[in-house]
Amino acid sequence: MPATRKIFEDVYEVARLIPFGRATSYGAIARYLGINARTVGWAMNSLPTGHDVPAHRVVNTKGILTGAAAFNPESPMEKLLKEEGIRVEKNRITDFQKVFWDPSEEL
DNA sequence: ACCATGACGGTGT
DNA sequence: GACACCGCCATGG
């Protein structure tokens, strides 16, 4: 790929590798790609409609579902995570440490 | 090249 | 645990 390859593509690629029932943080992905966390968040915010990226598994370092607002009211991020066995309470993953997935270590 | 914006992170109170 | 600050880097106008 040309040098003009967008960081976004890398972010999406890593996000797609997140295993079922696990979640990671923007910072973890950022560190893995060598960029800052804000850029990762921005990449997710730029996700087009109909993307195939499990963005609901990407939260901030506190385990808070900051991007829940970006999801359709019909597909609550919270519910999606609970379906995967992740305990969520008021937009916050209570057992984040348990389901945390670090690309820098697991990848 | 400059300025504003942002699904964030770490530390201190 | 909640809140406030400041630092970081990429993209767009």
Side-chain angles (χ1 to χ4, degrees):
Chain A
M1 283 283 78
T4 58
R5 101 179 180 300
K6 293 190 172 176
I7 298 297
F8 291 1
E9 295 302 317
D10 292 333
V11 176
Y12 302 152
E13 194 179 314
V14 175
R16 278 193 275 264
L17 295 175
I18 302 174
F20 182 89
R22 300 295 237 29
T24 190
S25 68
Y26 300 92
I29 297 175
R31 191 179 54 158
Y32 176 71
L33 297 176
I35 60 179
N36 75 322
R38 292 205 123 160
T39 307
V40 175
W42 196 22
M44 300 314 260
N45 184 36
S46 302
L47 278 172
T49 308
H51 60 76
D52 58 336
V53 180
H56 59 279
R57 297 188 189 137
V58 184
V59 298
N60 66 16
T61 196
K62 294 170 188 141
I64 297 175
L65 317 184
T66 45
F71 281 76
N72 300 314
E74 298 173 31
S75 2
M77 202 169 166
E78 249 185 66
K79 185 163 190 144
L80 289 177
L81 291 170
K82 286 182 179 177
E83 293 291 316
E84 302 192 2
I86 299 177
R87 247 166 87 50
V88 181
E89 184 121 356
K90 293 191 76 77
N91 269 62
R92 185 171 73 216
I93 299 177
T94 56
D95 56 351
F96 186 50
Q97 277 188 60
K98 188 160 41 171
V99 299
F100 183 68
W101 179 82
D102 188 346
S104 296
E105 306 223 359
E106 310 283 346
L107 217 49

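Order of the sequence lines fixes the chain letters, A, B, ..., with proteins taken first and strands second; residue numbering starts at 1 for each chain.
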How would you label the contact of [X] with the nucleic acid (heavy atoms, under 4.0 Å): base, sugar-phosphate, or nothing?
| X | answer |
| --- | --- |
| A/L65 | nothing |
| A/A43 | nothing |
| A/N45 | base |

inquiry  = Please confirm whether the shortest side-chain N or O distance from A/R31 to OP1 or OP2 of C/dC9 is below 4.0 Å.
reply    =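 Checking C/dC9 against A/R31, no side-chain N or O comes under 4.0 Å of OP1 or OP2.
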Practice problem: Tell me whether the OP1 or OP2 atom of B/dC8 has a side-chain N or O from A/T66 closer than 4.0 Å. | Solution: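 For B/dC8, OP1/OP2 do have a side-chain N/O of A/T66 under 4.0 Å.
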- Task: Quick one: sort the A/F100 and A/F96 rings into parallel, tilted or perpendicular, breaks at 30° and 60°.
- Result: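 Geometry flag for A/F96 against A/F100: perpendicular rings.
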Nearest of [options] to any side-chain atom of [X]?
| X | options | answer |
| --- | --- | --- |
| A/A37 | B/dG9, B/dA7, C/dT11 | B/dG9 |
| A/N36 | B/dC8, B/dA7, C/dC8 | C/dC8 |
| A/W42 | C/dT11, C/dC8, B/dG10 | C/dT11 |
| A/T39 | B/dG9, C/dT11, C/dA10 | C/dA10 |
| A/M44 | B/dG9, B/dG6, B/dA7 | B/dA7 |

Please report, rounded to the nearest Å, how far the [atom2] atom of [N] is from the [atom1] atom of [X].
| X | N | atom1 | atom2 | result |
| --- | --- | --- | --- | --- |
| A/D10 | C/dT11 | CG | P | 11 Å |
| A/I29 | C/dA10 | CD1 | P | 16 Å |
| A/E9 | C/dT11 | CD | P | 11 Å |
| A/L47 | B/dA7 | CG | P | 13 Å |
| A/N60 | B/dG10 | CG | C1' | 12 Å |
| A/I93 | C/dG1 | CD1 | C1' | 17 Å |
| A/K62 | C/dC3 | NZ | C1' | 9 Å |
| A/E89 | C/dG1 | CD | C1' | 14 Å |

Checklist entry - Would a 4.5 Å heavy-atom cut-off, applied to side chains only, mark A/T66 and A/Y26 as touching? => result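 The answer is yes, as the side chains (C-beta and beyond) meet within the 4.5 Å cut-off.
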| Are A/T24 and A/E106 close enough that some pair of their side-chain heavy atoms sits under 4.5 Å apart? |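 Counting from C-beta outward, A/T24 and A/E106 never come under 4.5 Å.
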Counting only heavy atoms not in A/R16 (residues, nucleotides, ligands), do more than 12 fall under 6.0 Å from its CZ?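 Check passes, neighbour count above 12.
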With a 3.5 Å distance limit and no angle check, can you tell me whether A/R22 reaches the backbone of A/W101 through a side-chain donor-acceptor pair?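 A pair under 3.5 Å: no.
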